[in-house]
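Each remark here refers to the structure printed beneath this line.
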Amino acid sequence: VESRGLGDVYKRQELLEEINNRIKNTLSEKRYFHSVCTMNRMEILAKIYNVDVEKAKLVGIIHDIAKEMTAKEALEYVKKYNLKIDEIEEKCPRLLHAKIGAHMAKVEYNFIDEMCTAIAVHTTAKANMSIMDKILFMADSTGEDRKWPDVPYVRELAEKDIDAAILYMLDLNIKDMINAKELIHPDSILARNFLIESKNTSR
């Protein structure tokens, strides 16, 4: 990212506009709106948790760049660029957009590792997440486009206690996957266990 001028506010703004235009022109209207809502939410959470706002906004706007790939396209991309995926991701190609998006952000826009990791784990979460990982995971779920019943509560919770909000979301997501008889990625379980253990040890 630094080679694209991430140290320079004006260059960052140019990069944000460039990525915004690409998302607007290549994704559906609904997905573009979601990306903008996630970016706006990233700005709010970044200010609360003392994260670089411009980097957070870039991560927010680009996080779903690969979301509308078909399963075939996603698996072909992974093979072409030799991306490491696991058995669950192979069986659930909808999960692959996160790793593919992170790869695109790195190779096409020179995003730094902190930003790419947040994009890579924004769907499943993982144990021991960075603050950038955490705010993207929550921004993705609580943007203005999200209308599920508990979203006002979770939005507020995320601004006060990000770990509690992530735990709430993970519980909700896991329950939904159990009810739908879907495969659950182990990283989501590990993320949940890590947060519960951290909570218990900090008491």
Side-chain angles (χ1 to χ4, degrees), residues 19 23 26-28 30-39 41-42 45 56-78 81 83-106 111 113-143 145-148 150-151 154-155 158 162-163 165-195:
I19 295 168
I23 301 296
T26 57
L27 297 186
S28 65
K30 186 182 177 184
R31 184 62 47 194
Y32 171 64
F33 180 59
H34 166 68
S35 303
V36 171
C37 289
T38 302
M39 176 185 71
R41 191 79 190 130
M42 283 295 278
L45 292 173
K57 286 170 72 176
L58 284 163
V59 165
I61 194 70
I62 206 173
H63 80 285
D64 266 355
I65 190 169
K67 180 77 174 183
E68 292 180 346
M69 277 185 173
T70 63
K72 186 172 180 278
E73 286 167 342
L75 289 165
E76 280 172 0
Y77 186 100
V78 161
Y81 292 102
L83 301 189
K84 192 179 172 190
I85 66 167
D86 57 45
E87 196 183 336
I88 303 289
E89 288 166 330
E90 202 169 340
K91 288 175 180 171
C92 306
R94 63 187 169 74
L95 294 174
L96 293 175
H97 77 277
K99 279 185 178 174
I100 294 171
H103 183 261
M104 286 179 166
K106 190 171 186 67
F111 277 28
D113 287 348
E114 173 199 23
M115 298 162 78
C116 294
T117 301
I119 298 163
V121 304
H122 82 263
T123 302
T124 58
K126 71 178 182 82
N128 201 14
M129 296 162 85
S130 74
I131 190 62
M132 184 74 86
D133 299 342
K134 290 176 180 181
I135 66 170
L136 179 58
F137 184 79
M138 288 314 305
D140 184 30
S141 309
T142 60
D145 59 315
R146 300 299 196 187
K147 305 294 181 194
W148 46 279
D150 291 354
V151 78
V154 180
R155 209 173 267 147
I162 195 89
D163 285 358
I166 292 167
L167 194 52
Y168 191 98
M169 275 313 306
L170 285 168
D171 283 353
L172 212 59
N173 292 345
I174 290 167
K175 280 177 198 164
D176 285 347
M177 285 185 275
I178 288 168
N179 290 336
K181 300 284 189 286
E182 288 178 6
L183 294 172
I184 300 169
H185 197 282
D187 282 353
S188 299
I189 306 292
L190 292 171
R192 183 179 182 273
N193 288 350
F194 185 89
L195 288 168

Revision key, fill the gap. Side chain to side chain donor-acceptor pair (under 3.5 Å) with R192: of D171, D187, N173, only one passes, and it is D171

Point to revise | Rounded distance (nearest 0.5 Å) linking atom CE of M69 with atom CD1 of I100 | key: 5.0 Å

Check your understanding: Under 4.5 Å between any side-chain heavy atoms of T38 and I61, yes or no?
Key -> no

Practice item. Rounded to the nearest 0.5 Å, what's the gap from CG on L83 to CG on L75? Could you check? Key: 11.0 Å

Check your understanding: Any idea which heavy atoms bring A74 and P93 closest together, and the distance?
Key -> CB-O, 4.4 Å

Point to revise | Residue pair I174 / I189, side-chain heavy-atom distance below 4.5 Å | key: yes

Check your understanding: Among L172, I166, L170, whose side-chain contact (heavy atoms from CB on, under 4.5 Å) with Y168 holds?
Key -> L172

Check your understanding: Could you walk me through whether I85 and L95 pass the side-chain contact (heavy atoms from CB on, under 4.5 Å) check?
Key -> CA-CA 10 Å; I85 66 167; L95 294 174; over 6 Å; no

Revision key, fill the gap. Smallest heavy-atom separation, I135 atom then A56 atom, equals CD1-CB, 4.2 Å

Check your understanding: Under the side-chain contact (heavy atoms from CB on, under 4.5 Å) criterion, do F194 and K126 qualify, and how do the steps go?
Key -> CA-CA 9 Å; F194 185 89; K126 71 178 182 82; over 6 Å; no

Exercise for review: Hey, could you give me the CG/CG distance between D163 and L195, rounded to the nearest 0.5 Å?
Suggested key: 5.0 Å

Exercise for review: Establish, from distance only, whether the side-chain atoms of D133 and H122 form a donor-acceptor pair under 3.5 Å.
Suggested key: no

Practice item. Go through H63 and H34 one step at a time and tell me if the side-chain contact (heavy atoms from CB on, under 4.5 Å) criterion holds. Key: CA-CA 10 Å; H63 80 285; H34 166 68; 3.2 Å; yes

Review point. Between A98 and A120, what is the shortest heavy-atom contact and its length?
Key: CB-O, 3.3 Å

Review point. Just by modelled atom types, is the S141 backbone N or O under 3.5 Å from a matching donor or acceptor in the W148 side chain?
Key: yes

Review point. Between K106 and D113, is there a side-chain N and carboxylate O pair less than 4.0 Å apart?
Key: yes

Practice item. Applying side-chain contact (heavy atoms from CB on, under 4.5 Å), run through F111 and I19 and close with a yes or a no. Key: CA-CA 12 Å; F111 277 28; I19 295 168; 3.8 Å; yes

Review point. Do E114 and S130 get their side chains close enough for a donor-acceptor pair, meaning under 3.5 Å?
Key: no

Check your understanding: CE of M138 to CE of M129: how many Å apart, nearest 0.5 Å?
Key -> 9.5 Å

Review point. What pair of heavy atoms forms the shortest contact from I88 to P186, and how long is it?
Key: CG1-CD, 3.9 Å

Check your understanding: Do any N or O atoms from the side chain of D86 and from the backbone of E89 form a donor-acceptor pair under 3.5 angstrom?
Key -> yes

Review point. Below 4.5 Å, heavy atoms only, C-beta onward: do I162 and F137 meet side chain to side chain?
Key: no

Check your understanding: Less than 4.0 Å between a side-chain N and a carboxylate O, is that true for E182 and R94?
Key -> yes

Point to revise | For the student: nearest non-hydrogen atoms of G101 and I65, plus distance | key: CA-CG2, 3.8 Å

Review point. Below 4.0 angstrom, N of the basic side chain to O of the carboxylate: do R41 and D140 qualify?
Key: no

Review point. Rounded to the nearest 0.5 Å, how far does SG of C37 lie from CE of M42?
Key: 14.0 Å

Study note, to complete from the structure: Separation between OG1 (T123) and NZ (K67), nearest 0.5 Å, reads 5.5 Å

Practice item. Answer yes or no: is there a side-chain heavy-atom contact under 4.5 Å between M39 and L58? Key: no

Check your understanding: Tell me, do I119 and H103 make a side-chain contact under 4.5 Å, heavy atoms counted?
Key -> no

**Study point:** Which residues share a side chain to side chain donor-acceptor pair (under 3.5 Å) with S35, sequence neighbours left out
**Key:** none

